[in-house]
Amino acid sequence: MPKIIDGIEDKIFSSAFNLFSQHGYKNVDMKIIAKSSGIAVGTLYNYYPNKQTLFLNVFNKSWIETFEKLDNIIYSKGQKEFKINSFVEILYKEIFERKGMGKHLIKSSNLKNEEIDIKKELLTRVKKIISENEKDENLKCKYEERLLETILVTFIAMMNEHPKEYEKNIDYLSSFLLNIYDSIEKY
């Protein structure tokens, strides 16, 4: 019977999240994760059959917390501009902190998982934050997924091109979302 280790799943999650965030998916293997978690590789395989399953678990679990933060902004009271700026700031920070995992957000359609479709969940929230009422929120855009990809690519481009200009990036991206909102209003 395998030995039960207290808090092992939290240790694995924390180690895997940090390693995937710092080094990206390709540069991390199960041996590195096991060592960082303080467990044997065989023990790690008892919890996750392969690296992709572990990555998807970490990726999805980490976004659940982000969605909770975004939802708090969406459903808060306040001016549209303030809400969009707060939304952008949280999303920017969350993607930035994920470094190597942040880029996988764009490619997440390649990482299909029954648990959660990150892009679909994020698109729902983007539509909610730029919509004043249900009519706008339910507006179906022919290019919805491309719009979300454009937003995500723009976030990552700002981080890569201007890594030390946090405030300017937030201001630009907030204006970008406000312009999208204005174009929906005219539509």
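Computed from a prediction, not measured in an experiment: that's the story for all the values here.
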Tell me whether Asp71 is salt-bridged to Arg125, with the criterion being a basic N under 4.0 Å from an acidic carboxylate O. yes
Could you tell me whether Glu97 and Lys93 make a salt bridge, using a distance below 4.0 angstrom between a side-chain N and a carboxylate O? yes
Between [atom1] on residue [X] and [atom2] on residue [Y], distance to nearest 0.5 Å:
X      : Y      : atom1 : atom2 : result
Asn57  : Tyr48  : CG    : OH    : 4.0 Å
Met158 : Ile170 : CE    : CD1   : 11.5 Å
Tyr172 : His162 : OH    : NE2   : 9.0 Å
Gln79  : Asn85  : CD    : CG    : 12.5 Å
Lys69  : Ile90  : NZ    : CD1   : 7.0 Å
Ile33  : Phe55  : CD1   : CZ    : 10.0 Å

Are the side chain of [X] and the backbone of [Y] linked by a donor-acceptor contact shorter than 3.5 Å?
X      : Y      : answer
Ser15  : Ile12  : no
Asn18  : Ser14  : yes
Asn179 : Ser175 : yes
Ser36  : Ile32  : no
Lys83  : Ser76  : yes

Got [X] and [Y] here, is their nearest side-chain heavy-atom distance under 4.5 Å?
X      : Y      : value
Ile64  : Glu121 : no
Phe176 : Thr150 : yes
Phe155 : Val88  : yes
Ile95  : Leu152 : yes

At their closest point, which heavy atom of [X] faces which heavy atom of [Y], and how far apart are they?
X     : Y     : answer
Tyr45 : Asn50 : CE2-CA, 4.3 Å
Lys51 : Asp29 : CD-CA, 4.1 Å
Ser62 : Phe17 : CB-CE1, 3.7 Å

Which residues pass the salt bridge (charged side-chain N to carboxylate O under 4.0 Å, His left out) test with Glu9, not counting sequence neighbours? none
In terms of heavy-atom contacts, does OH of Tyr166 have more than 12 from other residues, nucleotides or ligands at under 6.0 Å? yes
In this structure, would Phe82 and Tyr92 fall into the same cluster of hydrophobic residues linked by side-chain contacts under 4.5 Å? no
Working for side chain to side chain donor-acceptor pair (under 3.5 Å), residues Tyr75 and Lys128: CA-CA 9 Å; Tyr75 298 112; Lys128 284 181 181 178; 2.7 Å; yes
